[in-house]
Amino acid sequence: MNFRLLLLKRSYSVKIPTNAPTVSENEQWLNHLTQLAKYKRRDNNGHSRLNQFRSSKSLINVPYEIQPIDEAKDYITVKSPIENFTSMRYLQSPNSSTHHSSEQGNFVDLKIIRCKSGKGGDGAVSFFRDAGRAIGPPDGGDGGDGGSVYIRAATGINSLSNIKTTYFAGSGSNGTSKQLDGQRGKDIMITVPTGTIVRWCVDPKQVRDLIKKSNDSTSIQSILHEKKVSLECTSEIDRDDGEIPSSIQLFRDNKEPGDGWIFKESDKEYHLGKEWFQKLNKKVKLYDAMLFDEELANDRFPWLGLDLSVPTEEPICLLKGGKGGLGNMHFLTDMIRNPKFALIGRQELESSFLLELKSLADIGLIGFPNAGKSTILNKISNAKPRIGHWKFTTLVPTIGTISTAIGEPSFTVADIPGIIEGASDNKGMGLEFIRHIERSKGWVFVVGLDSKDPLNDLKILMEELGGAEKIKSKNILVVCNKADLTISKLDPTEKFVPINNFCKENGWECLPISALNEENIDILKIKMKQCISKDSKL
Ligand SMILES: Nc1nc2c(ncn2[C@@H]2O[C@H](COP(=O)(O)OP(=O)(O)OP(=O)(O)O)[C@@H](O)[C@H]2O)c(=O)[nH]1
Ligand SMILES: [Mg+2]
C-alpha cells in the first residue's frame, strides 16, 4: 500500500462524527430555555394520564383531614390514619404474603409491592481525540433514561399469586465518548388480573418498624388507626365536599436546579467563579426546573387508586424512570470551547402499592357454610368448586361462566366462602371475600331448607352484609336449596312459605330448588340472568 492511500484511508477513519449538536444549535437551545421560562407555570392541577383511572367515590372511602391550607405551597397536606394505606391482613399473614395454604391452589387477592423506576444515566465529559490533533470538540454522549414501571390488567388471570414483592426497573447507563448515548434502563411490566385495584400505600417495612417501636400492649389495629401518614396532595374542588385530595404527589431525590453538574479536571469552585459558567448555569437551571416541573406533573398517583376493571389497552405508567443527563457536547458554544462538564441523570422514583383483586362476577352467591352454594355453581356452570358436607369447604372464591342459550351473552357467578353470624366482626372467615362480590350487580342468597330456621338465616346474612341500605343497591334473588330434603320432621315446603312471604314483602324473587337433584336449575339460570339484566341500582 503506498503512502498516499494510507493517508487517504486514515483521514477517512478520523472524520469527526457529525451527529453532535452544532454550536449554533446549542446556542439556540440555551436561548430557548430563557424564552420557555417566561411561559413556565407550575401546573398544579395538571392531569396526568393516571387521573383518567380514578376509581369511583363509592368504592373506597378514605377518611382524611386537610391541614390548614398554606397559600404559598403548591399542595395541600393531608393527614390520614395509616390503616387506610396498608393492609392488616397483609401485615399479619406469614411471609407477608396472602397465600392460603389450601389444596385449592394458591389464590391470592391481596399484595403489597415495592416498585422503583430506574435512575437516568449521567452525561459524559469527553473530547474527540486523535493522534494528529491535541484535543477535538466535546463528544460526551447523554446518559440513557432510566426504565419505568408499568402496570396493565389482563383477562385470563384470576389471582395475584404470580405477583412478586419487588419490581425494580433498570437504570440508564452513562453516556460515553464518541457521542454515544447510554442505554435506556429496562422497563418493567406488571400484569394483574382485570378487577385489580391499585392503591398507593406506606412501605410495609416502615409500618412494621412503627409497630415494633410501639408499646406492646397496644394492638396493631389501634396503632394503625391512631398513627397518621402525612401526604402532599394535589386537590380539586368538589361541589359537596369543598377541597378534596385528588392525587398523591410523589417526590424524587433530585439535586436542586443548577446543582447537577459533573466536572472533569477543574472542580466546581473553579467553574462557579467564572462568569461564562455562571451565565450558562443560569440557563441550565431553567432546564433543570423544567424537568422538575415535568416530573412533578407526572409523578402523581390518584388518591383513590386505580381501578383496573377493564383490560388495559395501553400499559399505565406507575413510576417513570429518571431522564438521562446531558453530555458535554451540548455545552459547546461560541463562548465555551472546552466544556469540561456534563449533567448527572435524574433520580428514580420509589413507592409501594397495594394491589387488591376484586373479582368482577355479575352475580355473587351468598350463604351460610353448607347451604349448597358450590353445588349450585357446579350444576349451572363449567366451574368445579369443591363440594363437601363439612362447613367451610370453600376457602377461596371460584368464578363460573354461565351461558343460557346459544348466541346470548354469558354471565359470571362467584362462589365465595360461607358467611356466618358475626362475620362482620371477623367471625368465621369474616367478610374478607365480600370484596369479590362487592361489585356484582346481583346478589343471590342461598339458604338451606334443612336448616332449623332458614328465614332467620336469610335475615342474618342480609344483616352481616350491610343491612337494608346495602341490599337496596343490589338486585336480589333468594334461593331455597335442598328442597328435596324431607328427613326433618317438618316438611321443607313449610319452611319455604315464610321465606317466600318475606321476599314478596320486599319485592325479591324467591325460588325453591334442589341443586343435588337438579330441580329448578334451569329456572334458576333464567332468574339469575334476569337479576343482572335489571337496571343496576348502583
Ligand atoms: N339434599 C341435598 N343436599 C345438598 C343439596 N345441595 C347441596 N347439598 C349438599 O350440601 C353439602 C354442602 O354443599 P356445598 O355445595 O359444599 O355447600 P357450600 O354452601 O358451598 O358450603 P361452604 O363451601 O362450606 O360454604 C354437600 O354435602 C352437598 O352434597 C341439595 O339440593 N339437596
Ligand atoms: Mg362451597
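Whatever order the structure lists them in is the order used to number ligands and atoms, beginning at 1.
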Could you tell me the residue and atom name of the protein heavy atom closest to [atom], and the distance to it rounded to 0.1 Å?
{"atom": "atom 23 (O) of ligand 1", "answer": "Thr394 OG1, 2.7 Å"}
{"atom": "atom 13 (O) of ligand 1", "answer": "Thr375 OG1, 3.4 Å"}
{"atom": "atom 22 (P) of ligand 1", "answer": "Asn370 N, 3.6 Å"}

Numbered atoms of ligand 1 (with element) below 4.0 Å of [X], judged on heavy atoms:
{"X": "Ser514", "value": "31 (O)"}
{"X": "Gly418", "value": "25 (O)"}
{"X": "Gly388", "value": "11 (C), 12 (C), 13 (O), 16 (O), 26 (C), 27 (O)"}

Checklist entry - Is Gly367 in contact with ligand 1, taking contact as a heavy-atom separation below 4.0 Å? => result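 Not so, Gly367 does not reach ligand 1.
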Item to check | Residue pairs, two or more places apart or on separate chains, that pass side-chain hydrogen bond (donor to acceptor under 3.5 Å, both in side chains) and touch residues 148-157 | outcome: Arg152-Thr191
Close N or O approach ([X], ligand 1; < 3.5 Å):
{"X": "Pro417", "result": "no"}
{"X": "Ile513", "result": "no"}
{"X": "Ala483", "result": "no"}

Next on the checklist: Can you tell me which portion of Asn481 lies within the under-4.0 Å heavy-atom range of ligand 1? Options are side chain, backbone, both, or neither.
Outcome noted: side chain
Item to check | Residue portion contacting ligand 1 (non-hydrogen atoms closer than 4.0 Å) for Asp484 | outcome: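 Answer for Asp484: side chain.
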Next on the checklist: Would Lys459 and Phe502 count as a cation-pi pair here, with the cationic atom under 6.0 angstrom from the ring centre and within 45° of the axis?
Outcome noted: yes
Checklist entry - Which word best sums up how the rings of Phe353 and Phe301 line up, parallel for under 30°, tilted for 30 to 60°, or perpendicular for over 60°? => result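 Aromatic pair Phe353/Phe301 classed tilted.
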Checklist entry - In the protein, how many N/O/S atoms are under 2.8 Å from the Mg ion (ligand 2)? => result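 For the Mg ion (ligand 2), protein nitrogen, oxygen or sulfur atoms under 2.8 Å: 2.
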Checklist entry - Would you say the side-chain atoms of Ser410 and Thr401 include a donor-acceptor pair closer than 3.5 Å? => result no
Item to check | Heavy-atom proximity to atom 9 (C) of ligand 1, best of Glu518, Lys482, Lys373 | outcome: Lys482
